[in-house]
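Let me begin by presenting the structure, written as structure tokens, before commenting on it.
All values below come from the heavy atoms of this structure, side chains included, with hydrogens, waters and symmetry mates left out.
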Amino acid sequence: MKLVTWNVNSLKVRLPQVLTWLENNPVDVLCLQETKLTDDKFPQAEIEAAGYQVAFSGQKTYNGVAILSRHAITDVQKNNPLFEDAQQRIIAATIQDMRIICAYVPNGQALDSEKYPYKLSWLASLHEWVKQEMSQHASLAVLGDYNIAPEDRDVYDPAAWEGQNLVSPPERAALQALIDLGLSDSFRMFEQAEKSFSWWDYRQLGFRLNKGVRIDHILLSAALAARCTSCVIDKVPRKWEQPSDHAPVIATLD
DNA sequence: ATGGCTCTTGGGAAGAGA
């Protein structure tokens, strides 16, 4: 069983890469963020032709999320029912015995931006909702672009980033509170190379110099963590022409 | 370092991303 999260930064641009990647990496569940497509423009037929079922929730220009699955998708929930949000950032579904939550956490922009308190309140409400969902689903995964680097080792230059958006203590506390519900950061369940990141700036040779941050995560409930045998970041598609600035993160479960 | 790079809308220039 393979569960994946990938911020594709426009599915319109990246659909050929997603389909190529899936050909090379057959997976069970693929959560996408930043599809940037209204639902009427979503490439459902192409994805189904590749052998995947799909649930999606999008809007014009920004945000947008989707879940692709080899298996039947049921009980689709769009956005957090506890949080009024004009932005389409969450889609959840039940797949086999698992509750899958695909999330695109707000970026926050900067600590003095009005988007920063939005990010924190969004995360606080996510916490409440995930708590509810966990009480009903022992096997639960929250996959997505969290826009939070959990620790200093998840940042290429922690000193330069100290206190900034993506690493500030309130954001990290919000992520930790989510984990404290009983979730595990699957990536850190295993030995990993130093300076492992999931996002690199398009500018200034960010990828070539490995100036990145690890902000895309797969959190697993205890029942799923017990089945997890690996978690890796696939840097291959980041090397392709016209790549997303994010790399896919893949958790493998027995 | 003010930006850099990429994407979107709209058909040019500007906001957002992280």
Side-chain angles (χ1 to χ4, degrees), chain A residues 5-18 21 31-43 56-66 85-90 102-120 122-123 126 143-175 185 187 195-217 233 235 237-249:
Chain A
T5 182
W6 191 5
N7 180 323
V8 290
N9 185 16
S10 170
L11 186 56
K12 181 182 175 185
V13 172
R14 230 68 65 191
L15 178 63
Q17 294 189 24
V18 170
W21 189 83
C31 295
L32 301 180
Q33 300 88 37
E34 285 207 85
T35 56
K36 300 188 179 179
L37 290 170
T38 51
D39 290 351
D40 59 304
K41 298 210 170 96
F42 194 90
F56 46 92
S57 178
Q59 66 182 88
K60 200 170 179 178
T61 311
Y62 302 117
N63 309 313
V65 284
D85 198 349
Q87 305 184 25
Q88 304 306 306
R89 295 181 170 277
I90 289 179
C102 170
Y104 176 44
V105 176
N107 175 283
Q109 196 169 58
L111 272 62
D112 60 358
S113 165
E114 63 192 12
K115 293 169 187 170
Y116 183 77
Y118 164 68
K119 179 180 193 175
L120 293 180
W122 195 98
L123 284 163
L126 177 68
L143 305 92
D145 176 358
Y146 286 74
N147 272 314
I148 301 170
E151 302 175 72
D152 282 352
R153 60 176 165 164
D154 300 310
V155 180
Y156 72 91
D157 186 349
W161 281 70
E162 188 176 1
Q164 308 265 340
N165 192 48
L166 307 191
V167 306
S168 69
E171 297 169 68
R172 285 179 165 174
L175 176 57
D185 176 357
F187 190 75
K195 302 189 186 301
S196 291
F197 306 125
S198 67
W199 175 89
W200 302 262
D201 203 311
Y202 285 124
R203 301 168 288 185
Q204 298 288 94
L205 302 174
F207 183 69
R208 198 183 302 180
L209 300 175
N210 197 29
K211 292 184 171 181
V213 291
R214 191 177 71 91
I215 56 176
D216 300 271
H217 310 301
I233 297 168
K235 290 164 75 170
R238 188 61 178 76
K239 301 170 186 172
W240 292 346
E241 288 288 317
Q242 202 178 12
S244 168
D245 40 2
H246 296 254
V249 183

Q) Parallel, tilted or perpendicular: which describes the rings of A/Phe207 and A/Trp200, with under 30° parallel and over 60° perpendicular? A) perpendicular
(Q) Rounded to whole Å, please give me the gap between NZ in A/Lys41 and C1' in B/dT9. (A) 10 Å
Could you give the side-chain donor-acceptor pairs of residues 105-112 of chain A under 3.5 Å, partners two or more places apart or in another chain?
| from | atom 1 | to | atom 2 | distance (Å) |
| --- | --- | --- | --- | --- |
| A/Asn107 | OD1 | A/Gln109 | N | 2.7 |
| A/Asn107 | OD1 | A/Asn165 | ND2 | 3.2 |
| A/Gln109 | OE1 | A/Ser113 | OG | 3.2 |

Q | A/Ser10 side-chain N/O to B/dT8 phosphate OP1/OP2 under 4.0 Å | A | yes
(Q) Are A/Ser198 and A/Phe187 packed together at the side-chain level, in the sense that at least one heavy-atom pair is separated by less than 4.5 angstrom? (A) no
Q) So does A/Gln242 get a side-chain nitrogen or oxygen closer than 4.0 Å to the phosphate oxygens (OP1/OP2) of B/dC7? A) yes
Q) What residues, two or more places apart in sequence or in another chain, satisfy side chain to side chain donor-acceptor pair (under 3.5 Å) together with A/Asp157? A) none
Q | Gap in Å between the two P atoms, one belonging to B/dG10 and one to B/dA16, rounded | A | 15 Å
Q: Kindly write out the residues that satisfy salt bridge (Lys or Arg N to Asp or Glu O under 4.0 Å) with A/Arg238, not counting sequence neighbours, or none if the list is empty.
A: none
Q.
Measuring only the C1' atom in each nucleotide, how far is B/dA1 from B/dA13? A whole number of Å is fine.
A. 23 Å
Q. Atom NZ of A/Lys60 and atom P of B/dC7: how far apart are they, to the nearest Å?
A. 19 Å
Q: Pick the P atom in B/dA14 and in B/dA18, then give their distance to the nearest Å.
A: 22 Å
**Q.** Distance between C1' atoms of B/dG3 and B/dT9 (Å, rounded)
**A.** 23 Å
Q: Take nucleotides 12-18 of chain B nucleotide by nucleotide from the 5' end and write B, S or -, depending on whether a protein heavy atom sits under 4.0 Å from the base, only from the sugar-phosphate, or from neither.
A: ----SBB
Q | Distance in angstrom units between A/Lys211 NZ and B/dG4 C1', rounded | A | 12 Å
Q. So what does A/Arg214 hit on the nucleic acid, given a heavy-atom distance under 4.0 Å: a base, only sugar-phosphate, or nothing?
A. nothing
Q. How far, in whole Å, is B/dG12 from B/dT2 if one measures between their P atoms?
A. 31 Å
Q: State which residues pass side-chain contact (heavy atoms from CB on, under 4.5 Å) with A/Glu151; sequence neighbours excluded, sorted by chain then number.
A: A/Arg153, A/Asp154, A/Arg188
Q: Applying side chain to side chain donor-acceptor pair (under 3.5 Å), name anything that partners A/Asn147, two or more places apart in sequence or on another chain.
A: none
Q. Rounding to a whole Å, what distance do you find between A/Lys12:NZ and B/dT6:P?
A. 18 Å
